[in-house]
Amino acid sequence: MLAILGITAPIFILIAIGFFACRSGLISRDQAAGMGRFVITFALPALVIRALLERPFAEVFDWFYVLAYGLGSLLVFGLGYAFARLVRKDSLSGSAMVGLGVSVSNSGFIAYPIVAMALGSPAGVALALGMIIENVLMIPLALTLAELGRQSGGVGKALRGTARSLIRHPVLVAITAALLMAILELHPPPVAMRVIDMLATAAAPVALFVIGASLSGMKPGGLVMDVSQVAVGKLILHPLMVLLCFTLLPVSNPVLASAGVLMAAAPMMSIYPILGARYGLEGRCAAGLVVATVLSFLSVSVFIWAVG
């Protein structure tokens, strides 16, 4: 318990620093928004490139793990999207962000340290495979639907506008470039890689600071259902769906399967509110992230006990 708290406590501290910095007037909301654009345009693409190039592609790729974890994530994405869209009558963009929130974990900054502490070396392989699934499948799917919700003027025009937006989206550009380099076994020169490392290192603290700033002045009224659906979906349904899929598609290494369940049990990624800001949903996404991260202290502990 204390070890898990030691991992999650710095997250809350950085969020609190951002909150009080904005509340006290040290920075404005516009300045915080500029920091968020820095994360989405520079730091997060660098983080994706580093994650996908850290290990040889063939060394970590496990088809059964990818199929099981990817299918479990797709199922919970569909459930979250359908509930938001059909039951709560949310917008297309809002429903897509709900689906993203319940299906993509904070793999690098919360899940990996917890899995490494609980299970050891399989954490590295689970992190690499999870990042591939998230960056190749889940994030592009959610952004495609969310971008489609921003467009107007008929389906054809909306699809063309969505395609143009996706082609220019920094995260998807980085995913494409990193996958090509990983498959072809190409690596940036050392100087470029150091720049990528420096930008990637800035992604987590700046994103958490921006989350805290976005919470300043936010009215909690009307967010209870929005936050509840994302927190329940992410902390309970996602790991259960992944566990079910690992049962149907058994991985050769059962410890790796346990690592996948713990990866899914982590709260959503720290840049979730920054992705939501593009669609005017940063407040809702930030509140969902904070609540899910707080509750994950209990839920992750339960799943650590469950996987033995």
Side-chain angles (χ1 to χ4, degrees), residues 3-19 21-22 26-27 31-57 60 104-117 121 123-136 139 169-179 181-182 186-214 263 266-275 277 282 285-286 289-290 293 296:
I4 296 173
L5 182 61
I7 294 169
T8 57
I11 295 171
F12 300 127
I13 292 171
L14 282 170
I15 291 173
I17 291 172
F19 177 87
C22 191
L26 288 175
I27 64 166
Q31 290 170 324
M35 296 170 69
R37 285 191 291 271
F38 161 77
V39 172
I40 202 70
T41 306
F42 298 104
L44 183 60
L47 179 64
V48 169
I49 292 172
R50 186 177 71 177
L52 294 179
L53 294 181
E54 274 184 336
R55 290 169 173 260
F57 188 76
V60 299
V104 177
S105 297
N106 192 334
S107 300
F109 304 117
I110 296 181
Y112 174 75
I114 291 174
V115 177
M117 175 190 67
S121 58
V125 177
L127 173 64
L129 293 175
M131 289 291 288
I132 291 173
I133 296 165
E134 292 162 3
N135 291 307
V136 175
I139 294 176
H169 201 290
V171 176
L172 300 187
V173 172
I175 291 170
T176 303
L179 278 176
M181 287 189 289
L186 300 175
H187 289 274
V191 173
M193 201 63 211
R194 281 195 291 271
V195 174
I196 291 172
D197 285 337
M198 293 171 69
L199 287 171
T201 303
V206 177
L208 293 170
F209 184 94
V210 172
I211 290 167
S214 66
M263 284 279 179
M268 65 282 289
M269 54 186 176
S270 56
I271 51 91
Y272 177 54
I274 296 174
L275 292 177
E282 65 272 24
C285 293
L289 172 65
V290 171
T293 304
S296 69

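In what follows, residues are counted from 1 in the order of the sequence shown. Predicted, not measured: the structure shown is a model, and the values here were computed from it.
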Partners meeting side-chain contact (heavy atoms from CB on, under 4.5 Å) with [X] (sequence neighbours left out):
| X | result |
| --- | --- |
| Arg37 | Ala33 |
| Phe42 | Phe38, Leu199 |
| Ala192 | Pro188, Pro189 |
| Pro45 | Pro170, Ala174 |

Can you tell me how far apart [atom1] ([X]) and [atom2] ([Y]) are? Round to the nearest 0.5 Å.
| X | Y | atom1 | atom2 | answer |
| --- | --- | --- | --- | --- |
| Ile133 | Ile139 | CD1 | CD1 | 12.0 Å |
| Tyr272 | Asn106 | OH | CG | 13.5 Å |
| Ile15 | Leu208 | CD1 | CG | 5.5 Å |
| Ile17 | Leu26 | CD1 | CG | 11.5 Å |

Where [X] and [Y] come nearest, the two heavy atoms and their spacing:
| X | Y | value |
| --- | --- | --- |
| Ala178 | Leu53 | O-CD2, 3.8 Å |
| Cys285 | Pro273 | CB-CA, 3.5 Å |
| Ile27 | Ala32 | CD1-CB, 4.2 Å |

Check: Ser296 side chain, Pro267 main-chain N or O, donor-acceptor pair, under 3.5 Å: no
Report yes if some heavy atom in the side chain of [X] is under 4.5 Å from a heavy atom in the side chain of [Y]; otherwise report no.
| X | Y | value |
| --- | --- | --- |
| Val104 | Met268 | no |
| Glu134 | Ser107 | yes |
| Glu282 | Val210 | no |
| Arg50 | Thr201 | yes |

